[in-house]
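One structure is given here, and the rest of the page talks about it.
These numbers come from a predicted model, not from an experiment.
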Amino acid sequence: MMEDNQNLSEKLKYEIVDPFKNENQFIINSKFILKDKSHALIGLEYCPGGELNTFLKVKGRFSLEETKFYASNVALGLEKLHELNILYRE
């Protein structure tokens with residue numbers, strides 16, 4: 001059983017952590033993975049500023065230029081995920 005968990009941890013590391021070692025500027029990088037019998041936890045790099053939704057709530061409304069900027073960043077991040085054969089849905 002321990003060997004199975006170790007193999008799964010290595011597989012998760014290979015599939016989740018390693019693809020992001022390229023330091024893509026539009027994706028928060030994975031740093032490590034921890035796994036127990038029922039959970040896999042992924043450690044992400046620190047990203048100051050918080051989530052875009054929180055920023056929007058504080059600001060109230062984005063200008064057209066800000067909207068274009070953030071929309072293009074999200075599109076580029078999703079494009080990179082798709083290149084890595086990762087489907088993001090939330």
Assess whether ring-ring contact (aromatic ring centres under 6.0 Å, His included) is satisfied between Phe62 and Phe55, documenting all intermediate values.
CA-CA 10 Å; Phe62 290 145; Phe55 184 58; 5.7 Å; yes
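Partners of Glu51 according to the salt bridge (Lys or Arg N to Asp or Glu O under 4.0 Å) rule, which considers only residues two or more places apart in sequence or in another chain, do not exist here. Every residue two or more places apart in sequence or in another chain that forms a side chain to side chain contact (heavy atoms under 4.5 Å, CB included) with Ser63 is listed here: Glu65, Glu66.
Between the OG1 atom in Thr67 and the CZ atom in Arg61 there is a gap of 8.5 Å [rounded to 0.5 Å].
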